[in-house]
Structure formats: C-alpha cells, structure tokens
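To start, the structure itself, in structure tokens.
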Amino acid sequence: MTATASAPAFASPFPAYRGLEDAALAERIEAVRRQLGPRLVILGHHYQQDGVIAHADFQGDSYQLSKNAADRADCEAIAFCGVHFMAETADILANRPEKVAARGGRRVTVVLPDMAAGCSMADMAAIDQVEDAWTDLGTVIDTADITPVTYINSAASLKAFCGRHGGIVCTSSNARAVLDWAFARRRRVLFFPDQHLGRNTARTMGIPLTEMCVWNPHDPALGGSSREQLQQSRVILWQGHCSVHAMFKPEHVDAMRANIPGVKVLVHPECAMEVVDKADLAGSTSYIIKQVEAAAPGTKWAIGTELHLVKRLEQNHPEQTIRFLSPVVCMCATMYRIDLAHLCWSLEHIAAEKPVNVIRVDDETAKWALTALERMLAVK
Ligand code: 13P
Ligand code: SF4
C-alpha cells in the first residue's frame, strides 16, 4: 500500500455512507482492518463516541496517542479519530527524519476522517497573533527572558514557534514538569492557548496570581495589560479556553456536594481556576480514568470533563456512583464529527490507495515543531 497524497477520487461520503446503518458501517470498517492488518492503525481519543472507539487499536489522551503513532514500525497509515492538532502531531512524530529513513524513505499517511474536526481552543491562537504578541512583549520585557510554552492543543505553526524560540510543548499530563523545565532556564513563560491550564499549573507551583497576567490577542494595547503588570509577571497567559470545560462552574461543585454527601469532585485542568479550587482532584483524561479505576467500590464521583468519557466511565464502573458535574451537556462537538460514516469513508479510501483528508505538516514547520515536541518528550 502506498498512500502519499490527498486525492478525493471517490464521491463525497454522503449520502452514500450516511444512508448506511451503523452495523453495516461497522462491518465495512472491520473488513478494511482485516485487509490492511498492522499496516493500518486507528487511534481514538478518550472523548470519542463509543461506536468509533470500538474500532480503535489504541485509545488514549493526546500525548499517549501521539506516542503510539510514532512507535509502530509496520504502520503505513494512521486514521486519527480525534481533532486536527492531534493528527498534525501524529504526522510530525510518525514522520520524523530518522523514522522515515528507517522505513527506507516511506512516510506514514495520517488521515483525519472529518476535516471539520478542529479544536475551538486551538483556533484561539493563530501564528500571526503569537508573533505580534512576541514583538509587542519585546517592547516591554526582554524576550530572551521568556520561554514560550504551547499546550499540545495548538496548530503545528505554534509548536514550531516554540521550537524556534527555545520553547516547548506541554500536555495536561506533563504541564507541571514542563513549567519546571521552563523556569529552570528563564524567568518568565508565555503560555498559550489555554489560560486555565497555564494558571492552574502555575498555581500548583506556588506562583501567585499577582505574578500572572492575561494577554488578549484582540487588544492592540499590550494585550490589555499595563507595562507594570507585564514586567511583574512570571506567567503571561494567552486569553484562550476550551469551550467544553468552560461550561463547568463552581456552583456545580457546590450543588453536587449538597446533593451527594461524600462525593469526590474530579475535574480536568482545562476547567477554570474557581472550579479546580473547589474540586478534590484535577488532572488529564488519563489521570481521571486512573483515579476511577483505582477507587474502591462504592466511591462517589462528580466528574468535570467531556461527556463521552464520563458516560464511558459510568458504564465501565457500575460498582461506583459516577455523575457528570454539570447539569447541562458539555461535549466536544468537533470531536463528535468523527462518526462511523466518516471513518468508513476514509478507511476505504486508504485501502484503495486514494487517501482523503490527509494531514501533512510542511517540512519546515514540522522540523521546528519537532524540536519543541522532543524537548517535551525528554522532560521526565
Ligand atoms: P487530554 O486528553 O490530553 O487530557 O486533553 C483533553 C483534551 O481536551 C483533548 O483535546
Ligand atoms: Fe479542543 Fe476542548 Fe474539544 Fe479538547 S475538548 S478538542 S480542548 S474543544
């Protein structure tokens, strides 16, 4: 199988695929998996819907999935059931120069089954905005004193920016270790795109709020902060957020505690500081899963992260009481775009050696993004 370019030779997936029952789609997906064997790897993020997860070779958080993508020697194509930045990261890691050389020059084709599966948080920081912010910051503080840190939930161009400027990538599972790395080298951090992960992590390090400020990319006057605020800040937080986790509120924690005596509140660090402060535990999706798996029967949880993951935990752990923290539905609508129809459509194109929705980061961006990703992978 050779799969090198996006070539939508087949008709659009719809209505041909939309009209099919889930059972028929599942059968066709499994037929492609049998046909391609280990040459095809399907990756599924924890937030993905169950019907899609059922076909994944690996389920994990953004970081684990990227590592899985890079590690399979016999893989020729990856279908990434996640969002755009994850597929970009998989392309960069799976197609590192040494990996491509070891395969005799063959690249792994990375496919995102629906190109509309983006991340609203990643979209809150564009490379030209980050470059403008860097220039503006340079008029107030010495940028040689700042480490740019990007959350993995960002475009490859932002990771490349970090690579070029002595910076690094982090995930929700290693953000603390990455900030330790950054502060061991320079005095300040510019953290993008998620202000909440940045603030929550900096607070665990004892950095007071008076030494943090928020950079609003839409405010031409120094991102909305004064010169003095910027000069006294050790952490400059990009004004971005996850629209899913922003829906969890401190009053939801209060209501759960009032209604379920003894409940433990477990949230993702993309939630606002006011929610994390009221919670018992905060951590990445993998951390959340591990906490529930390790808990004794009868443990009562209120969990603040994406709905599909919480529902799956509830199904897999009937011996515990698991509640969704918010009274309203908080789901990642873009992740949800990856459905059986899109997965089947993209896999059948891979099998026909006419891949569609190929994610290919240009070489120059990939080189510098890899620099920042490798710094992260080296952080223990
Ligand atoms: P993790 O899976 O890395 O915890 O991140 C959650 C998330 O929002 C993915 O986009
Ligand atoms: Fe992006 Fe939030 Fe969806 Fe994660 S849950 S992919 S951060 S919008």
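In each ligand, atom 1 is the first atom listed, and ligand 1 is the first ligand listed. For the single chain, residues carry numbers from 1 onward in sequence order.
- Atom 1 (Fe) of ligand 2 has as its closest protein heavy atom Cys119 SG, 2.3 Å.
- Taking the charged nitrogens against the carboxylate oxygens, Asp363 and Lys367 have no contact shorter than 4.0 Å, which rules out a salt bridge.
- Which parts of ligand 2 touch Asn153 is read off a 4.0 Å heavy-atom cut-off, strictly below it: atoms 4 (Fe), 7 (S).
- Assignment of Glu270 to the shell around ligand 1 is supported, since a heavy atom sits closer than 4.0 Å.
- Leu25 contributes atom CG, which lies 8.5 Å from atom NE2 of His55 (distance to the nearest 0.5 angstrom).
- Residue Asp61 has at least one heavy-atom neighbour below 4.0 Å for each of these atoms of ligand 1: 1 (P), 2 (O), 3 (O).
- Only the side chain of Glu270 comes within 4.0 Å of ligand 2, judged by heavy-atom distances.
- A cation-pi arrangement, defined by a distance under 6.0 Å to the six-membered ring centre and an angle within 45 degrees of its axis, is absent between Arg312 and Tyr47.
- Residue contacts with ligand 1 include Phe85, since one or more of its heavy atoms lies under 4.0 Å from the ligand.
- Closest to atom 2 (Fe) of ligand 2 by heavy atom, among Ala246, Cys332, Cys242, is Cys242.
- The part of Tyr47 lying near ligand 1 is the side chain, judged by heavy-atom distances below 4.0 Å.
- Listed by number with element, the atoms of ligand 2 under 4.0 Å from a non-hydrogen atom of Ser120 are 8 (S).
- A donor-acceptor pair is defined here as one N or O able to donate and one able to accept, closer than 3.5 Å; such a pair exists between the side chain of Arg103 and the backbone of Arg106.
- In Glu306, neither the side chain nor the backbone holds a heavy atom less than 4.0 Å from any atom of ligand 1.
- Using a 4.0 Å heavy-atom cutoff, Ser172 is listed among the residues neighbouring ligand 1.
- Ring centroid separation for the pair Phe248 and His268 does not come in under the 6.0 Å cut-off.
- Under the 3.5 Å distance criterion, the side-chain polar atoms of Asn174 are matched with a main-chain donor or acceptor of Thr171.
- Ring centers of Trp134 and Phe161: under 6.0 Å apart, within the cut-off.
- Between Met86 and Thr89 there is no side-chain heavy-atom pair separated by less than 4.5 Å.
- Every atom of ligand 1 is numbered from 1 in the order shown, and the set under 4.0 Å from a heavy atom of Met86 is 9 (C), 10 (O).
- In terms of protein heavy-atom proximity, atom 3 (O) of ligand 1 is nearest to Ser62 OG, 2.9 Å.
- Separation of atoms CZ (Arg203) and CZ (Arg199) is listed at 9.0 Å; rounding is to 0.5 Å.
- Nearest protein neighbour of atom 10 (O) of ligand 1, counting heavy atoms only, is Asn153 ND2, 3.1 Å.
- When heavy-atom distances to ligand 1 are checked against a 4.0 Å cut-off, His45 comes that close only through its side chain, counted from C-beta outward.
- Heavy atoms of Thr285 found under 4.0 angstrom from ligand 1 belong to the backbone as well as the side chain.
- Look at His45 and you'll find every heavy atom at least 4.0 Å from all atoms of ligand 2.
- Considering only non-hydrogen protein atoms, atom 5 (O) of ligand 1 sits nearest to His268 NE2, 3.6 Å.
- Residue contacts with ligand 1, taken as heavy atom pairs separated by less than 4.0 Å, do not involve Met121 at all.
- By the criterion of a heavy-atom distance under 4.0 Å, the side chain of Tyr151, and not its backbone, is placed next to ligand 1.
- Each of the atoms 5 (S) of ligand 2 lies under 4.0 Å from some heavy atom of Tyr47.
- The shortest side-chain heavy-atom distance between Glu293 and His317 falls under the 4.5 Å cut-off.
- Short contacts between ligand 1 and Ser284, defined as distances under 4.0 Å to a heavy atom of the residue, involve ligand atoms 4 (O).
- Between the side chain of Thr143 and the main chain of Ile146, no donor-acceptor pair closer than 3.5 Å is present.
- Panel note: side chain Gln320, backbone Lys300; no donor-acceptor pair is recorded below 3.5 Å.
- The backbone N or O of Ala87 sits nowhere less than 3.5 Å from a side-chain atom of Asp91 that would complete a donor-acceptor pair.
- Two residues are said to be in side-chain contact when any heavy atoms from C-beta on lie closer than 4.5 Å; Tyr63 and Met376 meet this criterion.
- Within the structure, ligand 1 lacks Met335 among the residues with a heavy atom less than 4.0 angstrom away.
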